[in-house]
J.: 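Before anything else, here's the structure in question.
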Amino acid sequence: MNRLDDRTVGALPATVTRPPYDRQRLQQGIVHLGIGAFMRAHLAAATEAAIAAGDLRWGIVGVSLRQPDTRDALQPQDGLYTLAIRDADAQGQPRQRLQVIGAVRSLLVAPENPGAVLDAIAAADTRIVSLTVTEKGYCHDPATGALRLDHPDIVHDLGHPHTPRSAIGMLVFGLQRRFAQGRGPLTLMSLDNLPANGRVLRGAVLRFAEVVSPALAKRIADDCRFPCSMVDRIVPRTTDADRAAVSQALGAEDRWPVLGEPFFDWAVEDHFAADRPDWTLGGARFVAAAEPFERLKLRMVNGTHSSLAYLGAMAGWQTVDQAIAQAPLRTHIEALMRDEIEPTLADLPGLDLPAYRANLLARYANPALAHRTHQIAMDGSQKLPQRLLGTVRDRLARGLPVPRMALGVAAWMHYLRGVDEQGNAYAIDDPHAADLTALHQRTLGQGASAAAVQAMLSYAPVFGDLAGNEALADALLPALQSLQTRGVRATLEAVNHRELGA
């Protein structure tokens, strides 16, 4: 089978959407740090729509921050890859729509050549540097949002300005190089699931820059822009079976296609240092303030996704659609949204919350994605503060109960034992894995007790000022006791019948 590339793309089946423009004329306008599956199914897809409309200034330089696998797969394909949009038809049968994306102009691997990344940021045509580096990529304290100057990557970068390895270091030293060459400011845009992600990024960049040079920090603060944004599309990990199926449908081998659901949402603040693509052509919307959209998505989508993932993984429900098909879990997730999350959300004009909730449940039930619960469960220490604990804080501040929110937090704590209810062991994939598993073994590993719960809540990088909170501890204890002694299904039944705790 021929490889997908610029030479073979024209011979693909007519049902496959292909770039309608001359890729040889594509310019470099965006440098993207963290060229993973989500970026390729979201930002690149929206950028493709703007390019296809005739604006060829927005080719993407994709940067892998750790591994060369994406570059190794896509470079022989001239940066081309397939986006497979998957759902089910009216009879519940999986179906897919294929589009070859041409927006990625070149690929870099930062550890191999960090100087090339700095040069790309400094390049004259670059106007936007975007990021999908996950929560842990900001080298910050998730509980406070502050940059950790003691983070190993930050310590390294401050001592090695020509070979940075963190996204923050690359941005600051790239901007330093850019300004030294007399070029203008950039827009630095986070697409990660963080509250006020643009402000978190700005704070981290400026704190790092202050250590490097106060004058550099002032220049960045005065001239660069950091728009906040909310992104939403479910993008599961690509499997070997997915590669084979997409390649078969193309009639050409694609080593790294990406999958996505039909749903697409992106609210981005229209706050740019220079020009930007017309991403509305790809389904985005430019807004004055992204915060209400961020809160909606982080709490309703990400918060319930994480709750579902920990409960599902512990019960042995391997994928999201398999988990949400379990009646007790579906009842719980729907009630979690309706009764505990929605009352904490600001009004958004035109938003029908019951319809949003129903649509979200339907998205989770999509059988064509096979989104694995253990994939969503990764990096819990980085995700809980944004996805769950903000809602918990808001409700506790109003004196409102948190039984269902607490069950999600308890499920994460329970997940740290590293073995599901069928006795299958799994690794804890988390930047704090060693500390958290040791803490679990000393505390909840000896049985759920008030003292054990308080010890878990004292883990400052996750819980911050919630340490010692009696109301939260009172809600967590019965949930943990039930998970440990009765299991996930019986615990869900108890919560649904209001038989469990506060």
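All of these numbers come straight from a predicted model, not from anything done at the bench.
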J.: Side chains of S64 and R71 only: does a donor on one sit below 3.5 Å from an acceptor on the other?
T.: no
J.: Quick one: pull up CG in D265 and OH in Y356 and give me the separation to the nearest 0.5 Å.
T.: 7.0 Å
J.: With no hydrogens and no angle check, is any side-chain donor or acceptor of N366 less than 3.5 Å from a backbone partner on R86?
T.: yes
J.: Before accepting this row, confirm whether a basic side-chain N of the pair R255/D72 lies closer than 4.0 Å to the acidic partner's carboxylate O.
T.: no
J.: Give a yes or no answer on whether the side chain of T373 reaches the backbone of W317 with a donor-acceptor pair at less than 3.5 Å.
T.: yes
J.: Does either side chain, that of D394 or that of T391, offer a donor lying less than 3.5 Å from an acceptor on the other one?
T.: no
J.: Does D22 have any salt bridge (charged side-chain N to carboxylate O under 4.0 Å, His left out) partners at least two apart in sequence or in another chain, and if so, which?
T.: none
J.: Ion pair present between R95 and D87, side-chain N to carboxylate O less than 4.0 angstrom?
T.: yes
J.: Looking at L389, L457, V462, L466, which hits side chain to side chain contact (heavy atoms under 4.5 Å, CB included) with V409?
T.: L389
J.: Are R299 and T344 linked by a side-chain donor-acceptor pair shorter than 3.5 Å?
T.: yes
J.: Who passes salt bridge (charged side-chain N to carboxylate O under 4.0 Å, His left out) against R233, sequence neighbours left out?
T.: none
J.: Do you see a donor-acceptor pair shorter than 3.5 Å between the side chains of Y138 and S190?
T.: yes
J.: Is the NZ or CZ atom of R127 positioned over W58's six-membered ring, under 6.0 angstrom from the centre and within 45° of the axis?
T.: yes
J.: Would you call the rings of H305 and Y364 parallel, tilted or perpendicular, where under 30° means parallel and over 60° means perpendicular?
T.: parallel
J.: Please find the pair of heavy atoms, one from I121 and one from L175, that lie closest to each other, and give the distance.
T.: CG2-N, 4.1 Å
J.: Taking atom types as modelled, is there a side-chain donor on N193 or Q386 under 3.5 Å from an acceptor on the other?
T.: no
J.: State plainly whether the residues D78 and R23 are in salt-bridge range, i.e. N to O under 4.0 Å.
T.: no
J.: Residues two or more places apart in sequence or in another chain: which of them pass salt bridge (charged side-chain N to carboxylate O under 4.0 Å, His left out) with R363?
T.: D232, E261
J.: Please check if any side-chain donor atom of Q27 sits under 3.5 Å from a side-chain acceptor atom of R57, or the reverse.
T.: no
J.: I would like to know whether F173 and H160 meet ring-ring contact (aromatic ring centres under 6.0 Å, His included); could you show each step before the answer?
T.: CA-CA 10 Å; F173 291 125; H160 301 84; over 10 Å; no
J.: Specify whether F38 and H42 have parallel, tilted or perpendicular ring planes, treating 30° as the upper limit for parallel and 60° as the lower limit for perpendicular.
T.: parallel
J.: Relative to each other, are the rings of Y426 and Y415 parallel, tilted or perpendicular (30° and 60° limits)?
T.: parallel
J.: Do D157 and S166 have a side chain donor and acceptor closer than 3.5 Å?
T.: yes
J.: Set out, in order, the CA-CA distance, both residues' side-chain angles and the distance that settles side-chain hydrogen bond (donor to acceptor under 3.5 Å, both in side chains) for N2 and T8, then state yes or no.
T.: CA-CA 7 Å; N2 289 326; T8 60; over 6 Å; no
